[in-house]
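Following: one structure in structure tokens, then a few remarks.
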Amino acid sequence: METMERYDPQVIEAKWQQVWDAEQAFVVPNPGPGELVDHRDKTYVVEMLPYASGELHMGHVLNYTIGDVLCHLRRRRGLRVLRPMGYDAFGLPAENAAIKEGGHPRVITERNIRTIREQMRRMGWAIDWSREISSHEPEYYRWTQWLFLRFFERGLAYRKEAAVKWCPNDQTVLANEQVIDGHCERCGAEVEAKSLTQWFFKITDYADELLDEMELLEQWPERVLTMQRNWIGRSQGARVVFTVEGSGEELPVFTTRPDTLFGATFFVLAPEHPLVPELVAGTEHEGAVLDYVRHAAARSTVERETKEKDGVFTGRHAVNPVNGESIPIWVADYVLIEYGTGAIMAVPAHDERDHAFAERYGIEIRQVVAPADGGAGQDEGAFVAHTENEVLVNSGGFTGLPAPEGKRAITEWLSAQGKGEATVGYRLRDWLLSRQRYWGCPIPIVHCEACGAVPVPDDQLPVLLPEVEDYMPKGRSPLAAAEDWVAVACPACGGAGRRETDTMDTFVDSSWYFIRYCDPGNDHEPFSREIADYWLPVNQYIGGVEHAILHLLYARFFTKVMNELGLLGFREPFARLFNQGMITAHGAKMSKSKGNVVNPLEYAERYGADAVRIYTLFMGPADEDMDWQDAGIDGAWRFLNRLWRVAHEQAAQTGGAGAAEAGVDTALARKAHRTIAKVTDDIDRRFLFHTPIAAVMELVNEIQRSPDDPAARFSAETAVSLIQPYAPHFAEELWQHLGHERLWEHPWPVADPALLVEDQVEVVVQVNGKLRDRLHVPAGTSEEELVALALASERVQAHLNGGEPRKTIVVPDRLVNIVV
RNA sequence: GCCGAAGUGGCGGAACUGGUAGACGCGCCGGACUCAAAAUCCGGUUCCCCUCGGGGAGUGUGGGUUCGAUUCCCACCUUCGGCACCA
């Protein structure tokens, strides 16, 4: 008996990683010109690229192992698989990490990238390293700038002064998407409101497309689509033009309830509304109103949202266009300047906020909509919740109309009078892209007294990020200190110009990286359209749900614009999206402060990368949250060792290559074929990664129980082959031991349909739906025969109590149910 | 408040189109091997009742459809996630 060598993952994993490296096993060149037409044999898998501020964590391991399993399977099924990798390297977290360590952001970031790359190689992921990119390299951000300029030319990148969110800790503005509950998404500091001139992308122009083209995203998780829908927040309504009594100045409002127009008993302006000072100028109310405006400005966003509603009367009135009624104009900070027109008509009977305000200040509450049956809500002064089947009351000529019709009729009437129109409101705001920080992509614009904001000509790109002595955040961009760099001739007139010193939000960098992968070395355009149109849209995008809004919305927006620029032939970048769950550690969210961070690399040192990969996917459904248990990886380790022994036993028993007998028909052979079918179907169709492992475990258990079965060798080879996407080093080593070569490119096994069915089946016998006996019969036994066999059963007879069967239900090969 | 997802043994989970609930793994119990331990292997493991044979209950709760429901329908409870002064 030969002594079996021990399974030593460290040696095996190093060995095969070297082989794959030397052979460039996973490098996929772009197809030649003639091949670019046919998309059917390609698959493009992208996992969200790692952010270069630290090391690899469990989330990455899950993310990239899912992608790896899918890629191995598809590659072995004969598809041309593109699977690249890169680094999201610019931005706040990388810069903050550098500041904390006291090094230059570039040095720290590039060191982090080296670590991450090393760790990714250690995990054995089959990545095409020839396409590696990083967003902080000039070869990449040159094209980020180039794209910015195309947006600028189209008016999709513009500067405006606006109320913006400011993070006092990170000393920069934030996009709306980066504010969570009034706090900075990154550092958690409470966000302040400021009025500043900043760069924006006009993503609101694409609100409808971003909503409507979700149709093209059938394979996206419902929760992500819902979150994007909520974020965009489209609501149908009307623009209604009130006028200031006396001056006749127009005061438009947006409302989703034009049917309640007759119930408007006051009017409210946001404190920041430009008309406020003018309205009260020289009146007795001026002091109080301007005082209120100052106080509102000093309040934090959070305070504004949580305090009791308050406001101040301006002394002026607005005229309601439907009935000519004069209603008092108030200023209150529960009205937001950034939504709608920054002004509202207040209908206290039908809006909770207006109701609270009216109660506090003793303003009339007039009900204008009531349930059609005339039932509830008739007592004056009450807030009436919106219900089905309502009709208008107290609404002049519109009284009696059902509410939906009232909406339409009033809107049409306003339209005819030139006092309003049907319109759509969105929650989505333009994407604020400039940042007052050092470590980012410079915005390629020169400001000139004479010409304004002038684009840097394409042939002068990239605008390199200058070296500065002090890159600490201080409320204005550190680039402003690089005087030599800032002072530059205006590209338009040649006069004195100054470079834009803000840098771009890092989400700009990551909005197009998945296209650059296709053509990473291109130095005369961001990518070749032909090549991009071949690989994209991405067949499978994989990443965490934390990007459900931010990155995924931005990347969709970019793709649509690039499509309209003629750079791409498609409108949605990611045909299918998979969101993996979060991995917690022993029941709690992993965090450095709790000290419960599970470092995957440490476990790879102890058990090997293959065991870590297996356990990570075996924990549970990959799209749900999972909890890391140390005992669990022991199970993965034991499983690999069991398969190791089983395969060695078979190799010793049946000799070298070619000994596997695929044709034999035994119970074990059938089990092997069913396993092939299940593993393939679960991964490729059902996107399940844990059940295939369980299926292979079952197969291995079966082989172990009958090692002398004529199909044992074949079954062992099948188990090795099926586990290869999960444990590629381990499988490769066993494959070699079994006398074969190059499992990574060996065709994926195909189940023999003839062996997928059992010849003997167990048929369950129920009496009144309760299990009473089991029959072991040949598959295909007729219904009559099954009933006869069932009735012949003593156990069944005992439960029939002599009663006559009223009805029998037969499911062939599965069950007989006798009803008495 | 609005929107979404989910509730199954001691634990992670399986059961795909309504048809044997608890696969697979962890943990635990018992046994074999060993001087002993580790490793490995074998058996058991939803709960309750029972001497054996077996019987009863059971997938968050309450109803319903069905010969039959974890699966379909209605109502509710709980947990998690997102949005929220959005007019």
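Below, read A as the first sequence line, B as the second, and so on, with proteins coming before strands; counting in each chain starts at 1.
Under 3.5 Å, the side chain of A:Arg685 and the base of B:C16 form at least one donor-acceptor pair of N or O atoms. Interface remark: the A:Arg429 side chain does form a donor-acceptor pair with the B:C86 base, using a distance-only criterion of under 3.5 Å. One donor-acceptor pair, N or O on each side, does fall under 3.5 Å between the base of B:C67 and the side chain of A:Asn817.
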Original post:
Can you give the dot-bracket line for RNA chain B, using ( ) for pairs inside the strand, [ ] for pairs that cross earlier ones, | for pairs with another strand and . for unpaired bases, where Watson-Crick and G-U count if both distances are under 3.5 Å?
Top reply: (((((((..(((......[....)))((((((.......))))))((((....))))..(((((..]....))))))))))))....

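Proximity note for A:Tyr339 (side chain, C-beta onward) versus B:A87, B:G4, B:C83: the nearest is B:A87.
Residue pairs meeting the side chain to side chain donor-acceptor pair (under 3.5 Å) criterion with at least one partner in residues 612-621 of chain A, sequence neighbours excluded, are A:Asp68-A:Arg613. Screening residues 679-688 of chain A for salt bridge (Lys or Arg N to Asp or Glu O under 4.0 Å) gives A:Arg74-A:Asp684, A:Arg77-A:Asp684, A:Lys678-A:Asp682, A:Asp681-A:Arg685, A:Asp682-A:Arg686 as the qualifying pairs, with residues at least two apart or on separate chains.
In this structure, A:Pro221 reaches neither bases nor backbone, as no heavy-atom distance under 4.0 Å exists between it and the strands shown. In this structure, A:Ser235 reaches the sugar-phosphate backbone alone: every heavy-atom distance under 4.0 Å involves primed, P, OP1 or OP2 atoms, never a base. Within the nucleic acid shown, A:Gly635 comes within 4.0 Å of sugar-phosphate atoms alone, with no base atom in reach, counting heavy atoms only. Residue A:Asn641 is out of contact with every strand shown, counting any heavy-atom pair closer than 4.0 Å.
In this view, A:Tyr7 and A:Trp637, A:Trp644, A:Phe730 satisfy the ring-ring contact (aromatic ring centres under 6.0 Å, His included) rule, not counting sequence neighbours.
In this model, the phosphate group of B:A5 is not approached by any side-chain N or O of A:Asn579 to a distance below 4.0 Å at OP1 or OP2.
Within residues 762-769 of chain A, the residues that have a heavy atom under 4.0 Å from RNA chain B are, in order of number, A:Glu762, A:Val764, A:Gln766.
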Original post:
What string of B, S and - do you get for nucleotides 49-59 of chain B 5' to 3' if you count protein non-hydrogen atoms under 4.0 Å?
Top reply: -----SSSS--

